[in-house]
There are 2 protein chains.
Amino acid sequence: MTNEQPARTYWFPEREDITIYGVLAALSDPTRLELVRQLATGGERCPYEFCDVTSKQNLSHHLKVLREAGLITARYEGRKKYLSLRRELIDDMFPGLLAGLLTAVEALPQT
Amino acid sequence: MTNEQPARTYWFPEREDITIYGVLAALSDPTRLELVRQLATGGERCPYEFCDVTSKQNLSHHLKVLREAGLITARYEGRKKYLSLRRELIDDMFPGLLAGLLTAVEALPQT
DNA sequence: ATAATAGTACAATGGTTATTGTACTGTCAA
DNA sequence: TTGACAGTACAATAACCATTGTACTATTAT
């Protein structure tokens, strides 16, 4: 049988569902901050490209946290899944926040 | 007997002890974000001026978290204690972070 | 001295969360 | 069909944390 929809679909928060507390809490974890850093500097990524960051179960968990906080979105192309930062939205809601954060993260001693 | 020192002295982190993770974690709590907001907009404050934010024990706890994260410092003048943001240090280490954050917090629907 | 004020220390509790192991679904290549 | 790959769901555990209650210290005012 045919399935026109992507294999799995999730809930993504709208603008009014996103809070500064949720965003900050999502960003306050080293693993998630690293994911955000790579998405910010490298653009779209597939989840399996983050396998060196942590285990796949934990990766799935952290991606869920980032998604529910409103920080990332996903695009399905064929059978592949591409993650990306919701940069315009976050920059519009919290101007300077991501920029300042990424500047600080890039200046960290060890990548 | 005389006591030349302030009644209580604490450890305050130096620049090399301050991490982006600690700062973000400290800022990801609504209570602490409110304290930081008031310190940023109103300048120096005495702890008892925050009694309307939460209980004094909890206030003491959150101020400790903010202090150990490197976000605030204290000045003793006579018997009074004045809290303030370590604004120059944070702005130097994480440019744009506090500014973007405070912009977002000030834009929140309810203060 | 006594009471009031400002602040902290400590224990307890309930809730959250990061991590791991196991198991499952769906897709692709052989 | 079989196996490998990509990803998720769920349970369990351990750690962390926000909050509150009780008790304590130190200082000031009466």
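In what follows, chains carry the letters A, B, and so on, assigned in the order in which the sequence lines appear, proteins first and then strands, with residues in each chain numbered from 1. Small disclaimer: the values here were computed from a predicted structure and weren't measured.
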Atom [atom1] of [X] and atom [atom2] of [N]: how far apart are they, to the nearest Å?
| X | N | atom1 | atom2 | answer |
| --- | --- | --- | --- | --- |
| B/Tyr48 | D/dT27 | OH | P | 17 Å |
| B/Leu27 | D/dA18 | CG | C1' | 16 Å |
| B/Glu49 | C/dT5 | CD | P | 16 Å |
| B/Tyr10 | C/dA6 | OH | P | 15 Å |
| A/Tyr21 | C/dT17 | OH | P | 16 Å |
| A/Asp29 | D/dA15 | CG | P | 17 Å |
| A/Tyr82 | D/dA6 | OH | P | 13 Å |
| B/Trp11 | C/dA9 | CH2 | P | 15 Å |

- With a distance cut-off below 6.0 Å to the six-membered ring centre and an angular limit of 45° from the axis, does A/Arg45 pair with A/Tyr82 as a cation-pi contact? no
- Which residue pairs pass the side chain to side chain donor-acceptor pair (under 3.5 Å) test when at least one of the two sits in residues 24-33 of chain A, sequence neighbours left out? A/Arg32-A/His62
- side-chain hydrogen bond (donor to acceptor under 3.5 Å, both in side chains) with A/Glu49: which residues, sequence neighbours excluded? none
- Query: Which residues within residues 50-69 of chain A lie with some heavy atom under 4.0 Å of an atom in DNA chain D?
  - Reply: A/Lys56, A/Gln57, A/Ser60
- Message: With a 3.5 Å distance limit and no angle check, can you tell me whether B/Ser60 reaches the backbone of B/Lys56 through a side-chain donor-acceptor pair?
- Response: no
- Does B/Glu14 offer a backbone N or O that forms a donor-acceptor pair with the side chain of B/Asp17 under 3.5 Å? yes
- Pairwise side-chain contact, B/His61 with B/Val65, heavy-atom cut-off 4.5 Å (strictly under): yes
